[in-house]
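One structure below.
Atoms within a ligand are numbered from 1 in the order they appear, just like the ligands themselves. The structure presented is a predicted model; accordingly, all values stated were derived computationally and were not measured.
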Amino acid sequence: MEVGFLGLGIMGKAMALNLLRHGFKVTVWNRTLSKCDELVEHGASIGETPAAVVKKCKYTIGMLSDPSAALSVVFDKDGLLEQICSGKGYIDMSTVDANTSSKISEAVTKKGGDFLEAPVSGSKKPAEDGQLVILAAGESALYEEVLPAFNVMGKKSFFLGQVGNGAKMKLVVNMIMGSMMNAFSEGLVLADSSGLNQQTLLDVLELGAIANPMFKMKGPAMIQNNYSPAFPLKHQQKDMRLALALGDENGVSMPVAAAANEAFKKARSQGLGDHDFSAVYETGKVPERSV
Ligand SMILES: NC(=O)C1=CN([C@@H]2O[C@H](COP(=O)(O)OP(=O)(O)OC[C@H]3O[C@@H](n4cnc5c(N)ncnc54)[C@H](OP(=O)(O)O)[C@@H]3O)[C@@H](O)[C@H]2O)C=CC1
Ligand SMILES: O=CC(=O)O
């Protein structure tokens, strides 16, 4: 299967490499074109523009940072709309809101193409290991056609019905994750400030009812102040913002998520946006008390 891939950031690079490793022919494009070089070393071809990629490939996948990037590769000059047509499919795996996804879907289908949104749950390591959870919605025939690619990138794919449902599911999941990360950070600060050993807290958490892979993976790095980015904080804040907007649309009160969003915003204003989202821990630290 020949697949186009737009967006070679933390996730896109790992996902495209997995496709190459499993024998897919992959044509890649990235806004910063030099990021394509490593993929070319692994056998990928380069498309000079999103339109050039779509011209060459029956199926094209997008993995872009946010709604504005997702819209840009579709609607801007040399964007994929210039070449999408009947017989071709676009699969947007970026985390965006349902409204963005619907705009893209309408434009693609108006040109005769097929559209699927397919955001993913799972971070850098699951992307590298082909262990993502794929939350697809849109054209069901396209879903069936691209399952071989999903099976390489993920451990489980869900088909959730009409366009928008994948985006919403992803935002709900990440709203919960971002809120949990803030509770965890506050717990680490409270343990430290009240004279407890943070590693012992991690050991206790690991053995109890709220043990989870995120605490286990992020905790040891956080207490070492290591925030090497797997999931950039700026993207987590974008997801909180979009989830809160979804809450607004549906009249759902979300005070916990709203507080978490404020903490992520504060972290961004402190220059932590490109660090891992666990760097929100820094915002809660108690300054050295003067005696
Ligand atoms: N990292 C993670 O753990 C996870 C991330 N996600 C979601 O996946 C998506 C990608 O995340 P991730 O790979 O971490 O992000 P990165 O920030 O590492 O990569 C973002 C990508 O988007 C491109 N991009 C940004 N702005 C534009 C633009 N205006 N036009 C064209 N391309 C643009 C970047 O290009 P350039 O290289 O030129 O900057 C880059 O390829 C996001 O929606 C994120 O929320 C979902 C699950 C997990
Ligand atoms: O979107 C981030 C993730 O870890 O999932």
Side-chain angles (χ1 to χ4, degrees), residues 4-18 28-39 46-51 53 60-80 91-98 100-101 104 117-136 153-156 158 166-167 169-181 212-218 227-243 264 268 273-280:
F5 210 106
L6 311 177
L8 302 173
I10 293 172
M11 296 296 286
K13 176 182 149 187
M15 293 157 75
L17 277 173
N18 257 331
V28 294
W29 172 86
N30 194 67
R31 179 181 62 173
T32 310
L33 272 179
S34 58
K35 287 195 192 166
C36 297
D37 295 348
E38 190 181 340
L39 278 289
I46 296 188
E48 291 295 321
T49 62
V53 172
T60 298
I61 292 171
M63 193 53 168
L64 293 318
S65 50
D66 55 19
S68 117
L71 291 167
S72 168
V73 302
V74 175
F75 292 98
D76 285 0
K77 184 173 176 305
D78 298 325
L80 71 86
I91 304 102
D92 190 353
M93 303 188 79
S94 324
T95 304
V96 297
D97 55 307
T100 299
S101 209
I104 295 172
E117 63 183 9
V120 301
S121 198
S123 194
K124 185 180 176 192
K125 181 83 169 63
E128 288 169 350
D129 297 344
Q131 293 291 303
L132 296 168
V133 178
I134 296 172
L135 307 171
M153 295 185 285
K155 62 179 175 186
K156 170 83 182 165
F158 290 85
M169 182 66 82
K170 174 63 186 162
L171 293 178
V172 172
V173 170
N174 273 30
M175 181 272 284
I176 297 170
M177 185 169 79
S179 300
M180 277 174 65
M181 176 53 82
N212 69 76
M214 183 175 82
F215 291 178
K216 187 175 180 171
M217 192 161 72
K218 303 285 182 187
Y227 313 112
S228 169
F231 181 35
L233 188 143
K234 64 186 174 190
H235 296 334
Q236 171 69 82
Q237 195 270 315
K238 170 256 306 178
D239 296 349
M240 295 307 286
R241 173 171 58 81
L242 297 177
F264 286 121
R268 285 188 81 161
D274 290 323
H275 291 63
D276 190 69
F277 77 121
S278 52
V280 74

Identify the closest protein heavy atom to atom 18 (O) of ligand 1: which residue and atom is it, and at what distance?
Ile10 N, 2.9 Å
Would you check if the side chain of Lys155 reaches a backbone N or O of Val133 as a donor-acceptor pair within less than 3.5 Å?
no
For ligand 1, which atoms sit closer than 4.0 Å to a heavy atom of Ala230?
1 (N), 2 (C), 3 (O)
For Lys170 and ligand 1, does the shortest N/O to N/O distance drop below 3.5 Å?
no
Counting only N and O atoms by type, is there a donor-acceptor contact under 3.5 Å from the side chain of Asn212 to the main-chain atoms of Phe215?
yes
Side-chain donor or acceptor of Asp276 paired with backbone N/O of Phe231 under 3.5 Å:
yes
Within the side chain of Glu117, is there an N or O that forms a donor-acceptor pair under 3.5 Å with the backbone of Ala167?
yes
Would you compute the distance between atom CE of Met240 and atom CZ of Phe264 and round it to the nearest 0.5 angstrom?
6.0 Å
Between the main-chain N or O of His235 and the side-chain N or O of Asp66, is there a donor-acceptor pair closer than 3.5 Å?
no
Checking the side chain of Asp78 only, and the main-chain atoms of Ala51 only, is there a donor and an acceptor separated by less than 3.5 Å?
no
Is the contact between Leu6 and ligand 1 made by the side chain, the backbone, both, or neither, using heavy atoms and a 4.0 Å cut-off?
neither
Give the atom numbers and elements of ligand 1 that come within less than 4.0 Å of a heavy atom of Gly7.
41 (O)
Atom 17 (O) of ligand 1: closest protein heavy atom, distance to 0.1 Å, is His235 NE2, 2.9 Å
Shortest protein contact, atom 9 (C) of ligand 1 (heavy atom only):
Leu64 O, 3.2 Å
Atom pairs and distances, side-chain donor-acceptor, residues 29-37, under 3.5 Å, sequence neighbours left out:
residue: Trp29; atom: NE1; partner: Glu48; partner atom: O; Å: 3.4
residue: Asn30; atom: OD1; partner: Leu8; partner atom: N; Å: 2.7
residue: Asn30; atom: ND2; partner: Thr32; partner atom: O; Å: 3.0

Could you work out, for atom 47 (C) of ligand 1, the closest of Pro229, Gly122, Ser123 by heavy-atom distance?
Gly122
Taking everything shown except Met180 itself, do over 12 heavy atoms lie less than 6.0 Å from its CE?
yes
When Leu242, Thr100, Val120, Asp239 are each screened for side chain to side chain contact (heavy atoms under 4.5 Å, CB included) with Thr95, the one that passes is Asp239
Part of Asn30 within contact of ligand 1 (heavy atoms, under 4.0 Å)
side chain
Note the single closest protein heavy atom to atom 13 (O) of ligand 1, along with its residue, its atom name and the distance in Å.
Met11 N, 2.8 Å
Determine whether any heavy atom of Ala127 lies closer than 4.0 Å to an atom of ligand 1.
no
Heavy-atom nearest neighbour in the protein, as seen from atom 37 (O) of ligand 1, with distance rounded to 0.1 Å:
Lys35 NZ, 2.6 Å
Any heavy atom of Lys238 sitting closer than 4.0 Å to ligand 1?
yes
Which residue and atom name correspond to the protein heavy atom nearest atom 25 (C) of ligand 1, and how close is it?
Ser65 OG, 3.1 Å
Can you sort out which atoms of ligand 1 are near Pro232, meaning under 4.0 Å from one of its heavy atoms?
1 (N), 14 (O)
Could you check Met181 against Met177 for side chain to side chain contact (heavy atoms under 4.5 Å, CB included), going step by step and ending with a plain yes or no?
CA-CA 6 Å; Met181 176 53 82; Met177 185 169 79; 5.7 Å; no
List the closest protein heavy-atom neighbour of atom 7 (C) of ligand 1: residue, atom name, distance to the nearest 0.1 Å.
Thr95 OG1, 3.5 Å
Within the distance-only criterion (no hydrogens, no angle test), does the side chain of Ser72 pair as donor or acceptor with the backbone N or O of Ser68 below 3.5 angstrom?
no
Distance under 4.0 Å, heavy atoms only, partner ligand 2: which residues pass?
Ser121, Gly122, Ser123, Lys170, Asn174, Met177, Phe231
Would you find a donor on one side and an acceptor on the other, under 3.5 Å apart, between the side chain of Asn174 and the backbone of Gln236?
no
If you take the nearest heavy atom of each of Lys234, Met63, Lys125, which one is closest to atom 8 (O) of ligand 1?
Met63
Rounded to the nearest 0.5 Å, the NZ atom of Lys125 sits from the CD1 atom of Ile10 at a distance of 15.0 Å
Got the closest protein heavy atom to atom 29 (N) of ligand 1, with its distance?
Arg31 NH1, 3.5 Å
Is a donor on one side and an acceptor on the other found under 3.5 Å between the side chain of Lys218 and the backbone of Phe277?
no
Atoms of ligand 1, numbered as shown, that sit under 4.0 Å from any heavy atom of Leu8
41 (O)
Working to the nearest 0.5 angstrom, can you tell me the gap between Ile104 CD1 and Asp92 CG?
5.0 Å
Do ligand 1 and Ser68 have nitrogen or oxygen atoms that lie under 3.5 Å from each other?
no
Provide the number and element of each atom of ligand 1 under 4.0 Å from a heavy atom of Val120.
46 (C), 47 (C)
